[in-house]
Amino acid sequence: MENDKRNRGFTGSGSLAGDGSGSGRLRGALAGLWRVSTSPVTFVVLTILWCVDLGAGSVAAYFNDPKFWVKMDLYPFNLWMKQVAPRMFPQSLWIYILVILSYLMIASLLLCTVNWFLRRRKMIKGLGEVLVHLGFLMIFAGFVIGSALGARDQVTLAVGQKKDVPGMGLSLQLEDLKIVQSPQGRPVDTLSDIKVYRDNSIFTEGRIRTNHPLIWGSTVVYPPEDYGSGVTGGVIGTSVRGAVILGPGRSVSLGGDRTLSLGGVLQRGQRRGRAVGPGLLVLLKDGAGRLIDSTYLSPAPGMRAEDDMAGVRVTLGELSESTYGVFRVHRDQGVWLVIVGTVILGLGTLWARAGYLGVLPGVGEGSGS
Amino acid sequence: MESTTLALHTSSLVFYGVSLGVYFVTRATRALPQKIAVWPALAGLFCQLVLLLIRWKAGDHLPVTGLFETQQFLALWVIIAALYFAFRYWAYNFFPAAVGLAIAALVFASRGPMAVTPLTPAIDTPLFLIHIATSFAAYGLFGVAALVGVYRLMGWSGSPINAERRMIDESIYLGYILFTWAMIAGSLWAYLAWGSYWTWRIKGLWSWILWFYYSGVLHVRNRSGWHGWPLDILAIVGFVLTLFTYLGLGLLFKTSHPLL
Ligand code: HEM
């Protein structure tokens with residue numbers, strides 16, 4: 001077969017193995033090793049093992065824990081392998097095997113591509129196949145980079161709120177969140193106006209909706225997975241400054257270097273420890289941001305609606321409600337390599353197809369068979 | 001729209017049924033050549049194409065969403081492949097098998113709602129439409145390849161000029177390339193819509209399995225020792241995998257899985 005010949009590699013000569021000397025045998029063995037490593041059959045065997053491992057493992061994982069997939073998608077793959085996989089062992093064994101098989105397949109692809117450059121004779125027709133192979137190598141490299149260096153986070157933002165995204169060196173502010181409804185009144189999408197800050201100045205901003213996230217470089221803010229409206233703050237009567245409004249990301253100075261801010265909220269029906277929602281966790285801090293005192297105020301039966309905080313009397317007035325969303329922020333440094341790889345792979349398939357149909361110069365029809 | 005859809009859908013089914021009937025009658029009586037079975041099938045194809053265009057115009061998007069439209073699209077590709085083989089390789093004996101597959105897909109399509117529904121925001125993107133269209137076209141061609149595999153394994157003659165190997169090769173090759181585009185479009189869509197081009201959702205994983213499986217098939221299809229019966233078995237197993245990815249997973253995980 002032509003393909004068999006093509007893949008014999010640069011050392012592929014039977015006579016080398018047969019000269020009987022020590023170095024001849026070594027060269028013969030190396031030639032054999034090269035032949036096996038660059039043979040498509042090796043790749044096919046690895047592919048079959050990969051398919052069986054992923055197929056059986058994925059179904060078994062689901063039956064062990066139907067939420068398995070959702071949990072796995074929360075982390076970049078490397079982080080999952082470091083933090084979760086060891087705890088799940090031996091149920092995660094199939095993923096370790098999958099990783100090993102993937103690397104072996106890539107090694108086989110890499111060697112095969114090197115071999116192509118060393119041995120290739122049919123430049124024009126073979127270009128399609130080499131583009132596909134190179135494209136795939138780039139996709140895999142991009143995946144490895146993204147898994148190793150990438151990060152994923154989630155932030156819950158109420159309208160008007162600004163929050164840091166830990167580990168990514170940026171803050172997000174939700175300017176507005178509108179819920180788009182179908183003519184029948186069903187919520188079908190959201191429109192969120194997002195501002196991204198770096199070092200306290202606006203870095204980028206935009207309106208996001210399904211299929212249209214905010215992308216800059218390797219970082220993406222996705223539309224909220226979960227959204228709704230609920231308590232986001234309220235009016236607090238204070239004995240030192242009268243009524244003040246507490247809301248997301250907003251602290252109020254009480255004079256004497258003390259500030260009042262919101263530590264968190266509970267929605268109607270929510271509970272945390274003995275605290276019952278709806279209500280506000282109010283924090284009193286000193287000028288350096290150190291906590292002096294905290295209290296939970298709620299109009300719910302059995303809960304306190306006023307309290308004394310280090311000499312300041314605080315009384316809960318009206319609760320304010322607004323819309324909030326849970327936003328995902330992903331960083332994947334390998335994604336551009338993946339996208340370029342995808343384009344090259346796509347072009348490669350077009351080229352290969354043209355070669356197959358005999359459209360390319362010097363290539364007879366059906367030379368794929 | 002639903003009545004027009006029903007009329008055209010039923011007509012194409014009837015034409016394909018007639019095509020099968022004509023094939024078997026001409027085969028039994030030998031009064032007329034079997035190739036006349038192609039004409040009713042062409043009429044069926046015409047009905048399907050008109051239906052596709054009408055629904056495209058009505059919905060303002062390529063009609064490839066939902067059970068009805070995807071199965072219609074799959075059947076369309078199966079028929080196109082069968083007609084191409086018939087005209088190119090005189091594969092009239094293979095024709096009834098492919099028409100049978102198209103009829104099965106159309107009967108299955110009848111189980112889905114026929115109304116034209118607007119796209120929800122999540123699928124309102126050309127990437128999704130390309131993803132689905134190329135996937136189902138590929139599924140159809142993988143089905144055709146498996147049928148040719150059955151013919152070759154059973155020793156039946158599909159084409160008088162022995163073009164069966166060429167037919168299985170072409171179906172797998174084009175199917176694979178279309179499926180590659182499906183994977184590319186699907187991954188880009190997943191990146192924009194769900195957060196990553198690779199997600200651990202089971203349907204996506206099985207699509208990778210299918211893609212890698214056919215990558216493997218592509219690499220051995222011309223090797224000595226492989227292009228005979230092993231290729232037939234590979235084509236048949238490939239279609240079983242395709243059916244499992246498309247139907248089996250849905251049935252297996254129907255009860256509680258939210259992501260399928
Ligand atoms: C993810 C991995 C891979 C993908 C997606 C892939 C895809 C492809 C495609 C699309 C073609 C063009 C087929 C044609 O035009 O006939 C091809 C050809 C080829 N590939 Fe790969 N390939 C992969 C891995 C490998 C590996 C690891 C090897 C070697 C060990 C290899 C060796 C070859 C050879 C020799 C050809 C040309 C001969 C033929 O048509 O069979 N491939 N590949």
Side-chain angles (χ1 to χ4, degrees), chain A residues 1-4 40-41 43-48 50-52 54-55 58-59 61-62 66 68-73 76-77 80 105 132 136 139 142-143 146 150 152 180 182 188-189 209-213 215 220 222 328 330 332 335 338-339 342-343 345-346 349-350 352-353 356 366 368-369, chain B residues 118 120-125 127-128 165-166 169-170 173-174 176-178 180-181 183-185 187-189 191-202 204-206 208-210 212-227 241 244 249 252-253 255-259:
Chain A
M1 279 305 297
E2 181 196 63
N3 293 341
D4 300 354
V41 173
F43 168 66
V44 171
V45 171
L46 289 170
T47 307
I48 291 172
W50 190 90
C51 290
V52 170
L54 179 58
S58 62
V59 173
Y62 171 83
F68 179 76
W69 314 110
V70 186
K71 292 183 199 160
M72 235 179 137
D73 277 336
F77 185 57
W80 187 90
M105 276 162 73
V132 172
F136 195 84
I139 293 174
F143 177 76
R152 290 182 188 185
V180 183
S182 70
V188 286
D189 203 359
R209 62 191 161 93
T210 302
N211 275 319
H212 298 271
I215 304 181
V220 187
Y222 288 96
R328 279 174 305 139
H330 288 190
D332 181 342
V335 76
V338 172
I339 290 175
T342 304
V343 172
L345 194 149
T349 58
L350 283 177
R353 178 79 202 144
Y356 188 91
S369 316
Chain B
T120 59
I123 60 173
D124 188 3
T125 151
L127 287 174
F128 173 77
R165 164 129 184 255
R166 179 78 203 171
D169 198 70
E170 285 188 4
Y173 196 93
L174 182 58
Y176 176 80
I177 286 182
L178 289 169
T180 303
W181 294 344
M183 295 299 288
I184 291 176
S187 305
L188 283 178
W189 174 54
Y191 175 65
L192 292 176
W194 314 117
S196 175
Y197 50 89
W198 171 280
T199 69
W200 289 92
R201 299 170 190 200
I202 198 148
L205 291 182
W206 275 79
W208 280 90
I209 292 181
L210 205 58
F212 267 87
Y213 177 85
Y214 277 105
S215 295
V217 175
L218 205 70
H219 287 87
V220 290
R221 74 191 206 285
N222 289 329
R223 296 182 76 82
S224 51
W226 285 85
H227 53 66
L241 271 181
F244 182 72
L249 287 176
L252 199 60
F253 300 108
T255 43
S256 55
H257 203 287
L259 299 173

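Each chain gets a letter, A, B and so on, in the order the sequences are listed, and its residues count up from 1.
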Shortest non-hydrogen contact between B/F212 and A/C51, atoms and distance: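 The answer is CB-SG, 4.1 Å.
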
Ignoring hydrogens, what is the shortest heavy-atom contact between A/T47 and B/Y213? Give both atom names and the distance.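 Scanning both residues completely, I find the closest heavy atoms to be CG2-N, 4.3 Å.
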
Please classify the contact of [X] with chain A as side chain, backbone, both or neither, using a heavy-atom distance under 4.5 Å.
X: B/Y197; result: side chain
X: B/L188; result: side chain
X: B/F128; result: neither
X: B/W208; result: both
X: B/T120; result: neither

Just how far is it from atom [atom1] of [X] to atom [atom2] of [Y], taken to the nearest 0.5 Å?
X: A/L345; Y: B/I184; atom1: CG; atom2: CD1; answer: 5.0 Å
X: B/I123; Y: A/N211; atom1: CD1; atom2: CG; answer: 9.5 Å
X: B/M183; Y: A/T349; atom1: CE; atom2: OG1; answer: 13.5 Å
X: A/F143; Y: B/W198; atom1: CZ; atom2: CH2; answer: 6.5 Å

So what's closer than 4.5 Å to chain B heavy atoms on [X]: side chain, backbone, both or neither?
X: A/V188; value: both
X: A/L46; value: neither
X: A/D332; value: side chain
X: A/V45; value: neither
X: A/I48; value: neither

Would you say A/R353's side chain and B/Y173's backbone share a donor-acceptor pair under 3.5 angstrom?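 Side chain of A/R353 to backbone of B/Y173, a donor-acceptor pair under 3.5 Å: no, none is there.
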
So which of A/V52, A/V180, A/I139, A/V338 has the biggest tally of heavy-atom pairs under 4.5 Å with chain B?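 Ranked by contacts with chain B, first place is A/V338.
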
Using salt bridge (charged side-chain N to carboxylate O under 4.0 Å, His left out) as the criterion, list what pairs up with A/R152, not counting sequence neighbours.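 Result, salt bridge (charged side-chain N to carboxylate O under 4.0 Å, His left out) vs A/R152: none returned.
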
What residue, out of [options], has the most heavy-atom pairs lying under 4.5 Å from chain A?
options: B/S196, B/A122, B/G216, B/G195; answer: B/G195
options: B/V217, B/L241, B/L174, B/L210; answer: B/L174
options: B/P118, B/P121, B/A193; answer: B/P121

Check against side-chain contact (heavy atoms from CB on, under 4.5 Å), B/L192 and A/I215: CA-CA 9 Å; B/L192 292 176; A/I215 304 181; 3.7 Å; yes

Do B/V220 and A/F43 pass the side-chain contact (heavy atoms from CB on, under 4.5 Å) test, and can you show the C-alpha distance, the side-chain angles, and the key distance before you say yes or no? CA-CA 10 Å; B/V220 290; A/F43 168 66; over 6 Å; no

Using 30° and 60° as the class limits, which term best fits the ring planes of A/Y222 and B/Y191: parallel, tilted or perpendicular?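 A/Y222 and B/Y191: perpendicular rings.
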
Quick one: does A/P40's side chain get under 4.5 Å of B/R223's, heavy atoms only?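 They are in side-chain contact.
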
Heavy-atom distance under 4.5 Å between the side chains of B/D169 and A/Y356, does that happen here?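 The answer is yes, as the side chains (C-beta and beyond) meet within the 4.5 Å cut-off.
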
Kindly say whether the aromatic ring centers of B/W200 and A/F77 come within a distance under 6.0 Å.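 When the ring centroids of B/W200 and A/F77 are compared, they turn out to be within the sub-6.0 Å range.
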
